[in-house]
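Contents: one structure, followed by commentary.
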Amino acid sequence: MTSSKQQVVSSKGEFTYSVLSVVSGIPVGHVMTYREVAAAAGRPRAWRAVGNILHKNYDPAVPCHRVVGSDGKIGGYNRGKGMKRKLLAKEGVLA
DNA sequence: CGTATGACGTGCA
DNA sequence: GTGCACGCCATAC
């Protein structure tokens, strides 16, 4: 395969790519906290950046609505906090 | 390049 | 029980 490196990562850090990958891999009916996602991405101390990444990431393939705070509380959502809450309730994650 | 922010988390008063 | 302040990482401007 040719040589050199291919920039398969869209111009973003490896950490961002991992976070999006992990979030997109969350099964329906299950939620992960920002801390868990950051840990799964390889930076258990970067949950703060995870929120930033999701906030800037408008990728529909990333169910950021399955990512909640440590209290299982909804933080925010690039499409509307109400929408996130509705999606969680629909999946049975939220009462 | 450097600065400031951000969808947070935790501890302490 | 509640509120305030600090710390941490990465991104974007």
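Numbers restart at 1 for each chain; the letters A, B, ... are given by sequence-line order, proteins then strands.
Atom-to-atom distance recorded for A:S70:OG and A:E36:CD is 10.5 Å, nearest 0.5 angstrom. Of the inter-residue distances, the one linking A:D59 atom CG with A:N78 atom CG reads 9.5 Å to the nearest 0.5 angstrom. Between the CG atom of A:L20 and the CG atom of A:N57 there is a distance of 4.5 Å, given to the nearest 0.5 Å. The distance from the OH atom of A:Y58 to the SG atom of A:C64 is 10.0 Å, given to the nearest 0.5 Å. Between atom CD of residue A:E14 and atom CZ of residue A:R43 there is a gap of 8.5 Å, rounded to the nearest 0.5 Å.
Atom CG of A:L88 and atom P of B:dA7 are 18 Å apart (whole Å). Taking atom CZ of A:R66 as the reference point, atom C1' of B:dA7 lies 17 Å away to the nearest angstrom.
Looking at residues 71-78 of chain A, you'll see A:G76, A:N78 sit with a heavy atom under 4.0 Å from some atom of DNA chain B.
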Once each nucleotide of nucleotides 8-13 of chain C is scored for protein heavy atoms under 4.0 Å, what B/S/- sequence comes out, 5' to 3'?
BBBBS-
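The shortest heavy-atom contact between A:A38 and A:A46 is CB-C, 3.8 Å. In terms of heavy-atom proximity, A:T33 sits nearest to A:G69 at CG2-O, 3.4 Å.
Residues A:F15 and A:V50 have side chains in contact (heavy-atom distance under 4.5 Å, counting atoms from C-beta outward). Residues A:V37 and A:W47 have side chains not in contact (no heavy-atom distance under 4.5 Å, counting atoms from C-beta outward).
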Filtered N/O pairs between nucleotides 10-13 of chain B and protein, under 3.5 Å:
none

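Counting heavy-atom neighbours within 6.0 Å of A:R66 CZ, excluding the residue itself, gives a total above 12.
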